[in-house]
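Convention: sequence-line order gives letters A, B, ...; per-chain numbering from 1. Computation of the quantities below employed the complete heavy-atom set of this structure, encompassing side-chain atoms and omitting hydrogens, waters and symmetry-equivalent molecules.
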Amino acid sequence: MSAVSRFAPSPTGFLHIGGARTALFSYLVAKRLGGKFLLRIEDTDRERSTQEAVDAIFEGMAWLGLKSDFAPVYQTQRFDRYREVIAQMLAAGTAYHCYCTREELDAMRAEQQARKEKPRYDGRWRPEAGKTLPPIPDGVPPVVRFRNPVEGDVILDDLIKGPITFANHELDDLIIARADGVPTYNFCVVVDDWDMGITHVIRGDDHVNNTPRQINILKALGAALPQYAHVSMILGADGAKLSKRHGALGVMEYRTMGFMPEALLNYLVRLGWSHGDQELFTRDEMIALFDLSKVSSSAARFDMEKAYWVNHQYLKVTDPAVIEPEFDWHLRRLGVDPANGPALQDVILAQRERCRTLAEMAEKSLFLYADLQGYNEKDAAKHLTDEGQRLLAELRAELQLVADWSTPALHKAVNRFAEVRGLGLGKVAQPIRVAVVGMAVSPPIDQTLALLGRERTLARLDAAVAWARPRAQA
RNA sequence: GCUCCUAUCGUCUAGAGGCCUAGGACGGGGCCCUCUCAAGGCCUAAACCCGGGUUCGAAUCCCGGUAGGAGCGCCA
C-alpha cells in the first residue's frame with residue numbers, strides 16, 4: 001500500500017507557522033515514501049469556517065510550494081457519506097441515540113467537577129444487555145454517540161512520541177452526530193482518513209487525546225489503522241503559546257518580512273527535527289533525509305534571529321533568477337518600478353551578502369530605482385563637508401571621462417583618483433556614497449556606481465556638490 | 001481535579017550506558033581582514049531540572065518530585 005498523508009486545517013484563519021510546519025512534515029513523509037500528499041479542509045463548523053480562510057490557506061501552501069497531489073477535499077461535501085456510515089453503525093450497535101439535553105449534560109459535568117472527577121458522559125442512554133433505557137422524551141432530537149469499549153487499553157504507537165497507552169474506561173461515549181444530524185470532527189476525521197486511504201496522520205499534539213477514540217471508531221468500522229505522528233507545538237520567542245493575540249503570524253507575513261519560501265521551510269524543518277549537525281537542506285535533501293523518529297517531542301520556540309540567518313544563507317547561494325520574482329514583488333511593494341533601474345539580478349548579486357531579508361534588500365536598493373529623499377543627516381554632516389564637496393566636484397569631472405561605465409573601469413578611476421591625491425580609498429568612497437546613495441552604506445563603491453549608471457551618478461554628484469557648497473561657505 | 005505529553009548552553013539541537021573534559025548552529029563577546037555595511041577567518045563565555053535507584057560505569061535506563069504544556073464540548 002502506498003503512503004498517503006494529509007494536511008487537514010480547519011479554515012478559521014490564515015495558515016500560521018505551526019500549521020505550515022505540520023504541513024511540511026506531512027508533505028515530506030509522503031514524498032519520502034514516494035507517496036501522495038493531500039489537503040483536506042475541515043469545515044464542518046459552519047459558524048467559524050470562512051471562504052477567506054480557505055483562500056488564505058491555499059495561498060500560503062502555494063507560496064511555500066507544498067503542492068497537494070489531489071484536488072482538496074471539503075468535509076462539508078461529504079455529509080452523505082458520513083450519514084451512511086452513521087446509519088451502519090447504528091444498525092451494527094456500535095453507535096446509539098442519546099436524548100440528553102444540553103442542560104442535562106451541563107449539570108452532569110458540573111456535578112462531576114464538583115466531585116473532582118474528569119467530566120464525561122455517564123452512559124445513561126447506552127444500551128446494555130439487561131438494562132432498561134429511560135423513556136424517550138418528547139421533542140428532544142437525539143444525538144448519536146459512539147459506543148466506546150469499556151474494557152482494555154488502546155495503545156497508540158506514535159511515530160514521534162513512542163507508545164502511549166490509554167485505558168478505555170477513561171474514554172466516554174463521544175457524540176458523532178449532532179441533534180441536527182451534522183457529524184462531528186472526531187467522526188469525520190476517521191471516515192475521511194479511512195476513505196482516502198491515509199496511511200500517515202501527522203498533526204499537532206493537541207490531538208493526542210483524541211486519537212484513542214478515533215482508533216476505537218476505526219476498529220468498530222473494521223478499518224485499517226493509519227500510523228500516527230503528533231508534532232509538538234511552536235512557541236513564541238518568549239516561550240508563550242502562539243495565538244492571534246500573541247505573535248502568531250500568517251505564513252504570508254513572512255513573505256512580507258522578506259523570507260524566501262524555501263528558507264522558511266528550511267528553518268521550520270529544523271525546528272524539532274535534526275540530521276546530525278546539518279543546518280541547511282535543499283528540498284530534495286529534506287525529502288531524502290526527513291525522518292519522523294528523529295523529530296523532537298517537546299515544544300520549540302520560534303527564533304527570529306536564526307530564521308533570518310537561514311534566509312540569509314539562501315539569499316547568498318540561490319540562483320538570482322529564482323530570487324528575482326520575489327525581489328520584484330518587494331520592490332513594487334515599496335512603490336517603485338523595477339524597470340526604472342538596473343537589472344534585478346545584478347542588484348541581487350551586489351546586495352545579497354549584506355541583506356538578511358528581501359525586504360531589507362529592496363529598501364537598500366531603493367536608491368537605484370527612485371530619486372533620493374534627502375541625505376542621512378549624520379552621514380551628510382560627516383562626509384558632505386567642505387573638503388568632501390571639493391573632492392566630489394573634482395571626481396565628477398574625472399568620472400565624466402570614463403567611457404566604459406563598468407565596475408572594473410570605475411574601480412580603476414576611483415582608485416586612481418584617491419591615489420593621485422594621496423588619500424585612502426575610504427576618504428573618497430564615503431563622500432561618494434552619501435552623494436549617490438543618500439547614506440554611508442552600500443555595496444562596494446565601484447559596483448554601486450556601475451549599478452546606478454552614468455547619468456544618475458553624475459547628476460547626484462552635482463546635486464551633492466550643490467547641496468554642500470553653500471553650507472561650507474556659511 | 002482527572003488523563004496524556006514534555007524537560008541538554010539565552011534559542012534550535014547532537015547524544016540510542018563507556019567515544020562527553022557534553023558536540024554543532026543561531027545569538028553574544030573578542031581579534032583579524034576591510035572604501036562603508038556586510039561577508040569571511042580565528043578565538044571565547046554559555047547547558048545535562050531536582051532527588052533516589054539499576055549498573056563496574058548514566059545526559060542516556062527505572063521510580064519519585066518539581067516545573068511547563070495539552071486534552072477533558074452537540075469546536076476543530
Side-chain angles (χ1 to χ4, degrees), chain A residues 8-12 42-45 47-49 75 98 100-102 105-106 109 112-121 141-145 156 158 161-162 164-167 170-172 174-186 188-189 204-212 230 232-233 235 237 239 241 267 270-280 294 296-310 312 316 351-356 364 379 383 414-415 418 423-430 432-434 437 439-446 448:
Chain A
S10 56
T12 56
E42 312 224 313
D43 54 356
T44 53
D45 183 355
E47 308 266 299
R48 298 198 298 155
S49 301
Q75 288 189 325
C98 165
C100 284
T101 61
R102 288 171 199 256
L105 259 16
D106 289 344
R109 270 192 284 271
Q112 288 162 332
Q113 270 167 345
R115 268 182 273 132
K116 300 204 186 294
E117 283 169 18
K118 179 176 180 170
R120 61 218 297 238
Y121 178 63
V143 300
V144 179
R145 286 186 184 270
L156 157 62
D158 195 274
K161 293 177 182 289
I164 305 173
T165 305
F166 299 87
E170 289 289 340
L171 275 21
D172 64 358
L174 76 158
I175 291 173
I176 58 177
R178 300 169 172 92
D180 63 4
V182 178
T184 60
Y185 166 77
N186 276 295
C188 298
V189 167
D205 73 355
D206 47 336
H207 289 285
V208 170
N209 290 294
N210 288 327
T211 308
H230 288 94
S232 62
M233 44 182 230
L235 273 19
K241 185 184 176 174
Y267 175 72
R270 275 288 288 111
L271 210 51
W273 174 73
S274 61
H275 180 255
D277 288 338
Q278 190 170 349
E279 297 286 351
L280 273 6
K294 299 283 283 180
S296 162
S297 48
S298 55
R301 299 187 194 206
F302 191 94
D303 181 7
M304 214 21 133
E305 288 302 319
K306 183 144 184 189
Y308 280 141
W309 177 79
V310 173
H312 193 188
K316 284 197 297 181
Q351 296 280 38
R352 52 169 31 171
E353 218 159 70
R354 66 206 85 245
C355 301
R356 299 201 298 176
K364 286 182 171 170
D379 292 341
H383 300 293
V414 176
N415 276 275
L423 296 170
L425 191 52
K427 272 289 188 197
V428 179
Q430 288 303 75
I432 305 177
R433 249 192 197 96
V434 178
V437 180
M439 60 181 187
V441 176
S442 85
I445 201 65
D446 48 358
T448 301

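- Annotation: side-chain hydrogen bond (donor to acceptor under 3.5 Å, both in side chains) contacts of A/Glu117 (sequence neighbours excluded): A/Arg115.
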Using a cutoff of under 3.5 Å, can you pull out all pairs of nitrogen or oxygen atoms linking the protein to nucleotides 1-8 of chain B, with atom names and distances?
unit_1: B/rG1; atom_1: O2'; unit_2: A/Lys116; atom_2: O; d: 2.3
unit_1: B/rC5; atom_1: O2'; unit_2: A/Lys161; atom_2: NZ; d: 2.8

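- Partners of A/Phe166 according to the ring-ring contact (aromatic ring centres under 6.0 Å, His included) rule, which considers only residues two or more places apart in sequence or in another chain, do not exist here.
- Annotation: salt bridge (Lys or Arg N to Asp or Glu O under 4.0 Å) contacts of A/Arg270 (sequence neighbours excluded): A/Glu279.
- With both ends at atom P, the span from B/rC72 to B/rG57 equals 46 Å, rounded to whole Å.
- Distance OH (A/Tyr185) to P (B/rG71): 12 Å, rounded to an integer number of Å.
- Comparing B/rC35, B/rA70, B/rG27 by their closest approach to the side chain of A/Arg356 singles out B/rG27.
- Side chain A/Arg301 to base B/rU11: no donor-acceptor pair is found below 3.5 Å.
- Here the separation of B/rU54 from B/rA45, taken at their C1' atoms, is 36 Å to the nearest Å.
- Evaluation of the side chain to side chain contact (heavy atoms under 4.5 Å, CB included) rule for A/His207 yields A/Tyr185, A/Arg203, A/Asn210, A/His230 as partners, not counting sequence neighbours.
- When the salt bridge (Lys or Arg N to Asp or Glu O under 4.0 Å) test is applied to A/Arg352, no partner is found at least two apart in sequence or on another chain.
- Residue contacts for A/Thr44: at a heavy-atom cut-off of 4.0 Å it reaches the sugar-phosphate backbone alone, with no base atom in range.
- Ranked by how close their nearest RNA chain B nucleotide is to the 5' end, A/Asp303 and A/Leu425 are led by A/Asp303.
- A/Ala429 and A/Ile445 make their closest contact through O-CD1, 3.8 Å (heavy atoms, listed as atom of the first residue, atom of the second, distance).
- When both pairing distances are held under 3.5 Å, B/rG10 makes a Watson-Crick or G-U pair with B/rC26.
- No contact: A/Lys427 has no heavy atom under 4.0 Å from any strand.
- Ranking B/rA76, B/rC35, B/rC74 by closeness to the A/Glu42 side chain, first place goes to B/rA76.
- In this structure, A/Lys316 does not reach the B/rA38 phosphate: none of its side-chain N or O atoms is under 4.0 Å from OP1 or OP2.
- When the P atom of B/rU36 is taken as reference, atom NZ of A/Lys364 falls 15 Å away, rounded to whole Å.
- For the pair A/Arg109 and B/rG73, the criterion of a side-chain N or O lying under 4.0 Å from OP1 or OP2 is met.
- Shortest non-hydrogen contact noted between A/Val189 and A/Glu42 is CG2-OE1, 3.7 Å.
- Not a single salt bridge (Lys or Arg N to Asp or Glu O under 4.0 Å) links A/Lys294 to another residue, sequence neighbours left out.
- Across B/rG65 and B/rC5, the matching P atoms stand 15 Å from one another, rounded to whole Å.
- With sequence neighbours left out, A/Asp106 forms a side chain to side chain contact (heavy atoms under 4.5 Å, CB included) with A/Arg109.
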Q. When you check every protein heavy atom under 4.0 Å of nucleotides 15-25 of chain B, what one-letter string (B, S, -) results, 5' to 3'?
A. S-------BBB
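- For the pair A/Pro183 and A/Met233, both in contact range of RNA chain B, the more 5′-proximal nearest nucleotide belongs to A/Met233.
- Atom CD1 of A/Ile445 and atom P of B/rA38 are 16 Å apart (whole Å).
- When every heavy atom of A/Cys98 is checked against every heavy atom of A/Arg145, the shortest pair comes out as SG-NE, 3.4 Å.
- Using P as the reference atom, B/rA67 and B/rC50 are 15 Å apart when rounded to the nearest Å.
- Looking at the side chain of A/Arg48, the nearest of the listed nucleotides B/rU13, B/rA76, B/rU36 is B/rA76.
- Scanning for side-chain hydrogen bond (donor to acceptor under 3.5 Å, both in side chains) contacts around A/Glu170 gives an empty result, with sequence neighbours left out.
- Under the Watson-Crick or G-U wobble criterion, with both distances below 3.5 Å, B/rC4 is paired with B/rG69.
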What does the list of N/O pairs under 3.5 Å between the protein and nucleotides 61-63 of chain B look like, with a distance for each?
none

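- As judged by a 4.0 angstrom heavy-atom cut-off over every strand, A/Ala179 is placed among the base-contacting residues.
- Put simply, CD1 on A/Ile175 is 4 Å from C1' on B/rC74, counting in whole angstrom units.
- With a 3.5 Å ceiling on both atom-pair distances, B/rC35 lacks any Watson-Crick or G-U wobble partner.
- The shortest non-hydrogen separation linking A/Arg433 to A/Ser442 is NE-OG, 2.9 Å.
- Formation of a donor-acceptor pair under 3.5 Å by the A/Asp379 side chain with backbone atoms of A/Ala440 is found in this model.
- The C1' atoms of B/rG15 and B/rA25 are separated by 16 Å, rounded to the nearest whole Å.
- Rounded to whole Å, the separation between the C1' atoms of B/rG28 and B/rC12 comes to 16 Å.
- Within 4.0 Å (heavy atoms only), A/Cys98 reaches no atom of the nucleic acid at all.
- The side chain to side chain contact (heavy atoms under 4.5 Å, CB included) check on A/Leu174 picks up A/Phe146, A/Ile176, A/Asn186, A/Arg213, A/Ile217, with sequence neighbours excluded.
- Using a 4.0 Å heavy-atom cutoff across all strands shown, A/His230 reaches no nucleic acid atom at all.
- Pairing each heavy atom of A/Ser49 with each of A/Thr12, the nearest pair is N-CG2, 4.4 Å.
- One can place CD of A/Glu47 at 12 Å from C1' of B/rC74, the figure rounded to the nearest angstrom.
- Across all strands shown, A/Gly272 has heavy atoms under 4.0 Å from sugar-phosphate atoms exclusively, and none from any base.
- Side-chain contact between A/Ile164 and A/Val208: present, with at least one pair of heavy atoms (C-beta onward) separated by less than 4.5 Å.
- Between A/Glu305 atom CD and B/rG28 atom C1' there is a gap of 11 Å when expressed in whole angstrom units.
- Note on A/Asn210: a base of the nucleic acid sits closer than 4.0 angstrom, heavy atoms only.
- With a cut-off of 3.5 Å on both pairing distances, B/rG57 has no Watson-Crick or G-U wobble partner at all.
- The distance between atom CD1 of A/Ile432 and atom P of B/rC37, rounded to the nearest whole Å, is 16 Å.
- B/rC48: no Watson-Crick or G-U partner with both key distances under 3.5 Å is found in any strand.
- Within the nucleic acid shown, A/Pro443 comes within 4.0 Å of at least one base atom, counting heavy atoms only.
- As rounded to the nearest Å, B/rG68 and B/rU11 have P atoms that lie 15 Å from one another.
- Atoms CG (A/Leu174) and P (B/rC74) sit 9 Å apart, rounded to a whole Å.
- Here, B/rU34 and B/rA39 have their C1' atoms 11 Å apart, quoted to the whole Å.
- The residue A/Glu353 sits close to a base: some heavy atom pair falls under 4.0 Å.
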